[in-house]
Protein chains: 2
Amino acid sequence: MAVPKVGMEPIRRSALVQATIAEIGAAGSLDVTVGQIARRAGMSTALAHHYFGGKDQIFLAAMRHILTEYATEVRAALAKATSHADRAAAIVRGSFAQSCFAPATISAWMTFYGRAASHPETLRLLHLYQRRLRSNLTHALRGVSADPVNDAETMAALIDGLYLRAALSGRDDHDACDAALRTLNTLIQRQS
Amino acid sequence: MAVPKVGMEPIRRSALVQATIAEIGAAGSLDVTVGQIARRAGMSTALAHHYFGGKDQIFLAAMRHILTEYATEVRAALAKATSHADRAAAIVRGSFAQSCFAPATISAWMTFYGRAASHPETLRLLHLYQRRLRSNLTHALRGVSADPVNDAETMAALIDGLYLRAALSGRDDHDACDAALRTLNTLIQRQS
DNA sequence: TTTTTTATTGATTGACTAGTCAGTAAAAAC
DNA sequence: GTTTTTACTGACTAGTCAATCAATAAAAAA
């Protein structure tokens, strides 16, 4: 009955990651059992444990996937930026891309924050994201802003804050992006 | 053995709320049992259920308590504000008050965000906080900012974002407050 | 004084869940 | 052609936890 095929590992792992995000989206929280994830991915709980070792590592893999997806979005936006001054705006636009507002992705991000406070490995992953965002912004603002380091910090926090509000209030994603771009312009154009 | 005294309800409820926040702080997450909370509050699980009905309502009461505490902090800061222009700065300072950075409070806020995505009642409470913050800021900025509504939105998001980053990275609370005040000045002083 | 209300708990239940294990079977290595 | 590796699962274990209940007792109301 069981028909094993070789080379299933990457397929199974990917299916589990996708299923995890989907389940988190459906439940709206981390209250998701390994059984639910495995069923959605079309396999037994035992197999899920076999490939990932435990629930924690399944969640961590799902979060890594979301961060990778986000990084891709930002890179795509950056590639389209022509002027040096346009790079900061591109990062903002990438951060508010459609894919970031998929219901399952929003749920995942919220649980991400909730989990980071207690789970060191999750916190490390979140710090990685925060550092990358700040570094990208600092680099983009060098030359166009009077204070690249501080302005990058401000923009990074503003992006997180606006995302949080937009994601949680079901408001228009576009408003949030516009608000961020507006502030970016204000920071750049100020006389100091 | 059991020595019941009248008028215990408010005392018990308050003790349970305090214990809930303490336990969330100790665990760093919502993975806290009613048993742990009840034990810390010095009573049986049955009594906790008796007064609150269920776990959900215990958590909700704890979150309401934290919001009340925060509102008090902001009101205290506002009372000290002299000029009209100083009111916005007061709100910022209140939002980064020492009490907001108590470990248990940080954990509670993080779980608050994580929970809001799945629990409608929790989301409503979070929206209440967001609306109040925005309204306070809009009011404070009227007359001093060229665009009070949009600037209030920006400042509200910035406060949330900076808090998130400060709380999660164990960085100096003061830096975050300074960054927010700096941006507030930039927004006010700009020529448009 | 009897009844009702309020306060309280130990013990229990019923449901759920992460992780394990023994076993089946195909493919690959030797 | 035997052995080892990889793929896979049903059934089970051991533990947890929210919520309930039956019972005790003081205080308040009747």
Side-chain angles (χ1 to χ4, degrees), chain A residues 1-24 26-63 111 114-115 118-122, chain B residues 1-24 26-63 111 114-115 118-122:
Chain A
M1 238 178 235
V3 186
K5 288 172 187 169
V6 284
M8 290 301 282
E9 179 156 357
I11 297 167
R12 293 303 199 187
R13 289 182 85 98
S14 163
L16 280 168
V17 164
Q18 293 293 340
T20 302
I21 294 167
E23 281 297 323
I24 289 177
S29 75
L30 274 176
D31 285 337
V32 165
T33 67
V34 176
Q36 290 172 319
I37 293 168
R39 199 179 322 127
R40 189 186 280 257
M43 68 192 87
S44 66
T45 54
L47 197 56
H49 275 99
H50 173 68
Y51 282 125
F52 277 97
K55 196 180 181 180
D56 277 6
Q57 280 156 285
I58 298 178
F59 281 143
L60 222 60
M63 285 161 186
T111 57
R115 199 120 198 286
S118 60
H119 207 250
E121 196 72 14
T122 306
Chain B
M1 241 177 236
V3 187
K5 287 174 187 167
V6 282
M8 290 303 281
E9 178 153 359
I11 296 167
R12 294 302 198 187
R13 289 183 86 99
S14 164
L16 281 168
V17 164
Q18 293 294 340
T20 302
I21 295 167
E23 280 297 322
I24 290 177
S29 77
L30 274 175
D31 286 337
V32 165
T33 67
V34 176
Q36 291 172 319
I37 294 168
R39 200 178 324 127
R40 189 186 281 257
M43 69 192 88
S44 67
T45 56
L47 196 56
H49 275 98
H50 173 67
Y51 282 124
F52 276 98
K55 196 179 178 177
D56 278 6
Q57 282 157 283
I58 298 177
F59 281 144
L60 223 59
M63 285 161 186
T111 58
R115 198 118 198 286
S118 60
H119 207 251
E121 195 72 14
T122 306

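Only heavy atoms go into these numbers, but all of them, side chains included; no hydrogens, no water, no symmetry mates.
At whole-Å resolution of the value, CG in B:L16 and P in C:dT9 are 11 Å apart. Across the protein-nucleic acid pair, B:D31 atom CG and C:dC16 atom P stand 18 Å apart, rounded to whole Å. Spacing between atom CE of A:M8 and atom C1' of C:dA26 amounts to 13 Å, rounded to whole angstrom units. In this structure, CZ of B:R13 is placed 14 Å from P of C:dT6, rounded to the nearest angstrom. The CG-P distance, from A:D56 to C:dA18, rounds to 11 Å in whole Å. Atom-to-atom, CD of A:E9 to C1' of C:dA27 comes out at 16 Å; the value is rounded to the nearest Å. One can place CG of A:L47 at 7 Å from C1' of D:dA7, the figure rounded to the nearest angstrom.
With sequence neighbours left out, A:T122 forms a side-chain contact (heavy atoms from CB on, under 4.5 Å) with A:L60, A:M63, A:F112, A:R115, A:A116, A:H119. Scanning for side-chain contact (heavy atoms from CB on, under 4.5 Å) contacts around A:A22 gives A:R40, with sequence neighbours left out. The side chain to side chain donor-acceptor pair (under 3.5 Å) search around B:E121 returns B:R124, not counting sequence neighbours. The side chain to side chain donor-acceptor pair (under 3.5 Å) check on A:R12 picks up nothing, with sequence neighbours excluded. By the side-chain contact (heavy atoms from CB on, under 4.5 Å) test, A:S44 pairs with A:A46, A:L47, sequence neighbours left out. A search for side chain to side chain donor-acceptor pair (under 3.5 Å) contacts involving B:D31 returns nothing, not counting sequence neighbours. By the side chain to side chain donor-acceptor pair (under 3.5 Å) test, B:T45 is found to be paired with no residue, residues two or more places apart in sequence or in another chain being considered.
Closest contact between the side chain of B:M43 and the listed nucleotides C:dT9, D:dC8, D:dA19 involves C:dT9.
Contact of the B:V32 side chain with the B:T20 side chain is not registered, since no non-hydrogen atoms from C-beta on lie closer than 4.5 Å.
Between B:R12 and C:dT8 there is a side-chain polar atom (N or O) within less than 4.0 angstrom of OP1 or OP2.
At a non-hydrogen distance threshold of 4.0 Å, B:H49, B:G54, B:K55 from residues 48-55 of chain B come into contact with DNA chain D. Non-hydrogen atoms lying under 4.0 Å from DNA chain D are contributed by B:T33, B:V34, all within residues 33-41 of chain B.
Both B:A46 and B:P10 lie close to DNA chain C; mapped to their nearest nucleotides by heavy-atom distance, the more 5′-ward contact belongs to B:P10.
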### Task
Go through the steps for A:L16 and A:M43 under the test side-chain contact (heavy atoms from CB on, under 4.5 Å), then give the verdict.
CA-CA 9 Å; A:L16 280 168; A:M43 68 192 87; 3.7 Å; yes

